[in-house]
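These notes concern the structure reproduced below.
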Amino acid sequence: MYAMSPANPTLLSPRTKRPIPDRALLLERMKSRESDDRALVSRAYAFSEHAHAKRQRFSGEPYFVHTFSTALYLAELGMDARTIAAGLLHDVLEDEEIRAATLENEFGKEVAFLVQGVTKLGTYKYRGLQRHAESVRKFLLAVAKDARVLIIKLADRLHNLETLEHVREDKRRRIALETLEIYAPIANRLGIGQLKGDLEDLSFPYVYPAEYAATVGLRKQKGKENQKYLEKVHRSLQKELATAGIRPLATDYREKHLYSLYQKLKRYDMDIEKIYDIAALRIVLPTVADCYQTLGVIHSVWRPLPGRIKDYIASPKPNGYQSLHTTIFTGDGGIAEIQIRTAEMHREAEFGIAAHLAYKEGAGWRHGKKLGKKYAWIAELSEWQKNFRESAEFLENLKTDFFKDRVFIFTPHGDIIDLPDGATPIDFAYAVHSDVGNCFAGAKINGKLTSLETKLKSGDIVEIVTKKQCIVSPKWLEHVTTSLARKHIKAALQRNKKRA
Ligand code: MN
């Protein structure tokens, strides 16, 4: 068994209760050994401890436990000193009436920028309208402006979930649901598989208690059996690999995260017998060639299940995940999944963007070229990550606005809809619902009636006025930019023509 972090291959064990605040421990977990970096974190530690001195968490613990835990996780992820300092300070603006200018004076522009970013993210609360979840995710990514802001927010959320049992029940559910639908998918987009899994598993029991209990039961029943097969395979495999002259860097037994097991069970009528990767054996090797050779060795000893061999090295998953997967008959009635990857692929799968943002020893932060327009969309983030995998020039690129060509518009209820730059109230109306578009009579932007060709700006609150008599005008086609609106308008005009 082992765990790897970008900072230190021996750290970052599965999450348990966080240790009590301890400056020496935090400094020890930091990747950077430079005295400036350590002094910065040390000062932020003292500042945060003092600023939160009078406040307590719902758990009754000192509030500082929370900001310390957030920072400790960031250190374990291998983040740089400024991000760790910002983790310590992330709640002082909101909760302790400390001014941003004070932070800037004490800790510099960058730390102040990161703290303000996290504070801004905190102002939006998701109320659980699933059709808008994707817009909310994009909105948060756009507001963050820097991936480190999101990583701090995710670390903050992780500790909040670990202590969620102390929070009022209605609030508890809202936070857990927001995590499942907004923050865990963001962690996934950023490629931080470990964090995504932890966020989901901590939220799961609060959002779906019955399903949680059922999944725990199913896993318990099947998990033990699986582990037995995997252990046997592991022993034989070590022998076979040694004979073939292959030396794995590490092998690891992993149990599928509970929430992702539940997602899979749902697709298979809750039949656990149909799920082969409840547990898997992971083999980490030095080179890609070793990976393919290991797959060959495995298949020469055990018969693979047809259709279960997956080459995500040649064809990575959309989020950049790479590995070879195979499922084998273990010979005693058992079935086992084996995942084969290089150390680099492993780091990438567990830590994603954090692995790239992690403090690079000696190099510090380096400045790179601005990203081109093709990175204007977060779906391309993983593509972008891949392109920069071999480069050390990350920081500047992360500050680029991914969303230059999108605007984020609020409904009167506070839901967010994202539209291309140049979109008008008619585009917005159709994005809400085709009926709202078809019955469009006018629009109020920030409370004022406006003409239908007005271009919407990010942050506008738009209310559509509809009428009973729905008449779609061909003129509207001149004032829309989304293909969705265009499609609905044309279809409505077509219907009218037929009727006439
Ligand atoms: Mn916080």
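Just follow the structure's listing: the first ligand is 1, and inside any ligand the first atom is 1. Throughout, numbering of the chain's residues begins at 1 and tracks the sequence.
Around the Mn ion (ligand 1), protein atoms of type N, O or S found under 2.8 Å number 4.
Remark: the H346 side chain and the D252 side chain contain no N/O donor-acceptor pair separated by less than 3.5 Å.
Among residues two or more places apart in sequence or in another chain, the salt bridge (Lys or Arg N to Asp or Glu O under 4.0 Å) test is passed with D277 by K256, K264. For Y212, the side chain to side chain donor-acceptor pair (under 3.5 Å) test picks out no residue, with sequence neighbours left out.
The line from OG of S260 to CG of N188 is 10.5 Å long, rounded to the nearest 0.5 Å.
When side chains are defined from C-beta on, T424 does not count as touching F428, because their heavy atoms never get closer than 4.5 Å.
Note on residues 47-60: pairs passing salt bridge (charged side-chain N to carboxylate O under 4.0 Å, His left out), not counting sequence neighbours, are R55-E96.
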